[in-house]
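Right, one structure below, let's go through it.
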Amino acid sequence: MRTQTGVSASVCLVELHAGLIDSQCLLGAHAEITSVITLCRFDVTHRDRETGGEMKSCRAAGLILLVALLLGAAADVFPVSHEFHLEAEHLQYKQPSILQGRNDVVTVTPWLAPVVWEGSFDPVLLDGIYRPKNISITATVFAVGKYIMFLKDFLETAEQHFFVGFNVHVYVFTDQPKEVPRVQMAAGRKLTVRSVLDSQRWQEISARRMELIQTLIEERHRNIMDYIFCLDVDSRFHGRWGTESLGRLVAVIHPGYYKDPRSSFPYERRPVSRAYVAPGEGDFYYCGGAFGGLLQEVHLLARTCHRNFKEDARNNIEAAWQEESHLNRYMWVNKPSKVLSPEYLWQDFKPRNPEVHIVRFSGVVKNYAKIRPNV
Ligand code: UD2
């Protein structure tokens, strides 16, 4: 038991050095470190009794060294979190109020995550907080087969509205790299094209995104404490999508279901699937077309959804809405720390509802039969 705990604490420390785990895991590591120290203490006392003090000095020195190493290592590796350190010195912005504001919508979930609506945040304040941090935002977008036709609009409107003034790195995954349109990008923004294979099934193209997002984070971003958003290509930006959307784990509420009871959400309802959500469970119905958060968090999400999707495939089952179903299951168990209102993924065919003061991003109207490889 001693050995196991020691090993798992060292693994955690190695991961801490590599910057791979988040603050929750840091707390876990701290607990592991504490238990290793406690066990070592027990070891010293116990053996001293057995051998009569002979081993005492060398074991005590070992213990001190271990404690110093562990504490030193922990002090070294505490990441500076974008999430919790919100420094706002000498910024000028509108006085906040807890009496006035949006009263037509709910702006916080029962687990106290903000729900972001126009009027619930101050963009000047938030940009002022995040600009000095020199954060970077990765965006992934897939344009496979005929969906390449949506890419130009997506990229051009992202230039106008998506994290304007911040470092943005867009990754385009496509089977037609030569068809990727040239779009003028502002300083600090860049685009990388990655080749992927086409598929005969749109379900597979859509679902495969989780695996590719997982791999991208593993390959390119192992040590960086920054953010990523994964977005559908058949969409355009119409209004600001910026620092107000940053969070540890971020989900967008689907515009089609936010007025409905959870019993009518299109969750996967077959218990045999790893995406299963039981009757009476689930918070909101979230979009597969937009989600994000800190790299480590999205890595965990993508890895889990991909694993569960593969496990389902082994059992000859495909969840009702592919990776969207797995995402919904994941977000039910692992609550998002920030929820974006349907302003962040509206649908062009839907008239705007009165509570939606601005549409920031929306899915374009498309003829599925014409653009998908299968029906
Ligand atoms: C919903 C989700 C979508 C996904 C899907 C279930 C929203 C707005 N959309 O939309 O994210 O969860 O349900 O699988 O929440 N793609 C291609 N080529 C193809 C087919 C798909 O590149 O031939 C990519 C593309 O980036 C597209 C995305 O996959 O935006 C999702 O496919 P979709 O838009 O056809 O899915 P849809 O409209 O059913």
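Position 1 is the first residue of the sequence; numbering continues from there. Read the numbers this way: they start at 1 and go in the same order the structure lists the ligands and their atoms.
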Using a strict 4.0 Å cut-off to heavy atoms of [X], name the atoms of ligand 1 that fall inside it.
| X | answer |
| --- | --- |
| Tyr368 | 35 (O), 37 (P), 38 (O), 39 (O) |
| Ala143 | 22 (O) |
| Val233 | 25 (C), 26 (O), 30 (O) |
| Arg372 | 33 (P), 35 (O), 36 (O), 37 (P), 38 (O), 39 (O) |
| Lys366 | 33 (P), 34 (O), 35 (O), 38 (O) |
| Asp234 | 27 (C), 30 (O), 34 (O) |
| Gln322 | 6 (C), 14 (O) |
| Cys287 | 15 (O) |

Please determine whether any non-hydrogen atom of [X] lies less than 4.0 Å from an atom of ligand 1.
| X | value |
| --- | --- |
| Gly363 | no |
| Lys146 | no |
| Gln347 | no |

Nearest protein heavy atom to [atom], by residue and atom, and its distance?
| atom | value |
| --- | --- |
| atom 5 (C) of ligand 1 | Ser206 OG, 3.9 Å |
| atom 2 (C) of ligand 1 | Glu324 OE2, 3.5 Å |
| atom 28 (C) of ligand 1 | Arg209 NH1, 3.4 Å |
| atom 25 (C) of ligand 1 | Phe142 O, 3.3 Å |
| atom 4 (C) of ligand 1 | Glu323 OE2, 3.1 Å |
| atom 18 (N) of ligand 1 | Val144 O, 2.8 Å |

With no hydrogens and no angle check, is any side-chain donor or acceptor of [X] less than 3.5 Å from a backbone partner on [Y]?
| X | Y | result |
| --- | --- | --- |
| Thr243 | Tyr130 | no |
| Arg240 | His161 | no |
| Glu159 | Ala186 | yes |
| Ser362 | Leu345 | no |

Return yes or no for this condition: an N or O of [X] is under 3.5 Å from an N or O of ligand 1.
| X | answer |
| --- | --- |
| His254 | no |
| Leu345 | no |
| Ile205 | no |

Can you sort out the partners of Phe309 under ring pair (Phe, Tyr, Trp, His ring centres under 6.0 Å), two or more places apart, ordered by chain and number?
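Result, ring pair (Phe, Tyr, Trp, His ring centres under 6.0 Å) vs Phe309: His326.
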Who pairs with Phe291 by ring pair (Phe, Tyr, Trp, His ring centres under 6.0 Å), at least two apart in sequence or on another chain?
none
Just to be sure I read this right, does ligand 1 sit under 4.0 Å from the backbone of Tyr147, its side chain, both, or neither, counting only heavy atoms?
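The answer is the side chain.
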Do the side-chain N and O atoms of Ser136 and His169 include a donor-acceptor pair separated by under 3.5 angstrom?
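His169 and Ser136 do not have a side-chain donor-acceptor pair below 3.5 Å.
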Do Tyr267 and Glu281 have a side chain donor and acceptor closer than 3.5 Å?
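No donor-acceptor contact under 3.5 Å links the two side chains.
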Ionic contact status for [Y] with [X], cut-off 4.0 Å:
| X | Y | answer |
| --- | --- | --- |
| Arg307 | Glu311 | no |
| Asp175 | Arg194 | no |
| Glu244 | Lys338 | no |
| Arg209 | Glu211 | no |
| Asp312 | Arg274 | no |
| Lys259 | Glu355 | yes |

Can you tell which of Ser362, Cys230, Gly289 gets a heavy atom nearest to atom 7 (C) of ligand 1?
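The residue whose heavy atom sits nearest atom 7 (C) of ligand 1 is Gly289.
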Ranking Leu231, Val172, Asp232 by closest non-hydrogen atom to atom 10 (O) of ligand 1, top hit is Asp232
